[in-house]
Amino acid sequence: MATADIALIGLAVMGQNLILNMNDHGFVVCAYNRTVAKVDHFLANEAKGTKIIGAHSIQEMVGKLKKPRRVMMLVKAGSAVDAFIEQLMPFLEKGDIIIDG
């Protein structure tokens, strides 16, 4: 079911803090990281007791987003950004938004 307002890819320190900040301001955020164990750790610790949800795949993450979908990426610049965009595109539609943070 689509419940998240925005998804954020990248659970390094900045990504985690931005997710927590968006949660504090009333947004439901879906957290995703290439290393899915980081998603579970974040949800069980820093995000415990919040409305933050997690995903273990790009497809699952996109499926949890309200339309139009909004996906923010906080990943290392360069080829990692391009790789994530390639992975996202098959699941997005016209009008969806990708934000490269």
Side-chain angles (χ1 to χ4, degrees):
M1 185 172 144
T3 57
D5 299 303
I6 189 168
L8 193 138
I9 299 171
L11 291 178
V13 174
M14 191 182 331
Q16 290 183 24
N17 285 319
L18 186 53
I19 290 171
L20 293 167
N21 186 287
M22 287 189 277
N23 175 78
D24 290 348
H25 287 87
F27 294 95
V28 177
V29 184
C30 182
Y32 175 75
N33 198 81
R34 178 183 56 174
T35 307
V36 295
K38 286 188 175 185
V39 175
D40 296 332
H41 183 269
F42 177 63
L43 293 176
N45 293 283
E46 295 86 357
K48 188 174 183 175
T50 68
K51 293 183 180 180
I52 298 165
I53 59 177
H56 291 125
S57 70
I58 295 284
Q59 185 173 7
E60 179 188 2
M61 178 194 75
V62 171
K64 291 184 175 185
L65 289 168
K66 297 175 188 173
K67 292 183 181 181
R69 299 174 191 97
R70 298 162 200 89
V71 179
M72 176 177 264
M73 300 183 303
L74 286 177
V75 297
K76 188 175 179 179
S79 62
V81 172
D82 296 337
F84 271 113
I85 291 172
E86 277 187 37
Q87 292 175 50
L88 281 166
M89 290 308 292
F91 304 109
L92 299 179
E93 300 171 353
K94 185 175 181 173
D96 292 343
I97 300 166
I98 298 173
I99 303 162
D100 178 12

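Predicted, not measured: the structure shown is a model, and the values here were computed from it.
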* Member of Asp96, Leu8, Ile9, Ile99 meeting the side-chain contact (heavy atoms from CB on, under 4.5 Å) criterion with Val71 -> Ile9
* By side chain to side chain donor-acceptor pair (under 3.5 Å), which residues pair with Glu93, not counting sequence neighbours? -> Lys67
* To do: Treat each ILVMFWY residue as a node, draw an edge where side-chain heavy atoms are under 4.5 Å apart, and state whether Ile97 and Phe27 are in one component.
  => yes
* To do: Name all pairs fulfilling the salt bridge (charged side-chain N to carboxylate O under 4.0 Å, His left out) condition that reach into residues 27-56, sequence neighbours left out, sorted by first residue then second.
  => none
* Assess whether side-chain contact (heavy atoms from CB on, under 4.5 Å) is satisfied between Val28 and Ile52, documenting all intermediate values. => CA-CA 6 Å; Val28 177; Ile52 298 165; over 6 Å; no
* **Test applied, side-chain contact (heavy atoms from CB on, under 4.5 Å); reference residue, Ile98; option that passes from Met73, Arg69, Arg70, Met72** => Met73
* To do: Give, for atom CZ of Phe84 and atom OG of Ser79, the distance between the pair rounded to the nearest 0.5 Å.
  => 10.5 Å
* Can you get from Leu18 to Met61 by hopping between Ile, Leu, Val, Met, Phe, Trp and Tyr side chains that sit under 4.5 Å apart? -> no
* Partner residues of Glu60 under the side chain to side chain donor-acceptor pair (under 3.5 Å) criterion, sequence neighbours left out -> Lys64
* Structure fact -> Nearest heavy-atom approach of Gly54 to Cys30 is C-SG, 4.0 Å
* Partner set under salt bridge (Lys or Arg N to Asp or Glu O under 4.0 Å) for Lys66, not counting sequence neighbours -> Asp5
* Less than 4.5 Å apart, any side-chain heavy atom of Phe42 and any of Leu20? -> yes
* **Heavy-atom pair with the smallest gap, counting every atom of Leu11 and Ala31** => CD2-CB, 4.0 Å
* To do: Check whether Met22 and Val39 end up in the same hydrophobic cluster, where Ile, Leu, Val, Met, Phe, Trp and Tyr are linked by side-chain heavy atoms less than 4.5 Å apart.
  => yes
* Mark yes or no for whether Asn23, through its side chain, and Ile19, through its backbone, hold a donor-acceptor pair below 3.5 Å. => no
* Using links of under 4.5 Å between side-chain heavy atoms of ILVMFWY residues, direct or through other members, which residues join Val13 in one cluster? -> none
* Same hydrophobic cluster for Leu65 and Val36, using side-chain heavy-atom links shorter than 4.5 Å among ILVMFWY? -> yes
* Structure fact -> Here the pair of heavy atoms bringing Ile58 nearest to Tyr32 is CD1-CE2, 3.6 Å
* Any chain of hydrophobic side-chain contacts (each under 4.5 Å) joining Met14 to Ile6? -> yes
* Asked: What residue pairs, at least two apart or across chains, pass salt bridge (charged side-chain N to carboxylate O under 4.0 Å, His left out) with a residue in residues 15-24?
  -> none
* Considering all heavy atoms of both residues, which atom of His25 and which atom of Asn21 are nearest to each other, and what is their separation? -> ND1-O, 2.8 Å
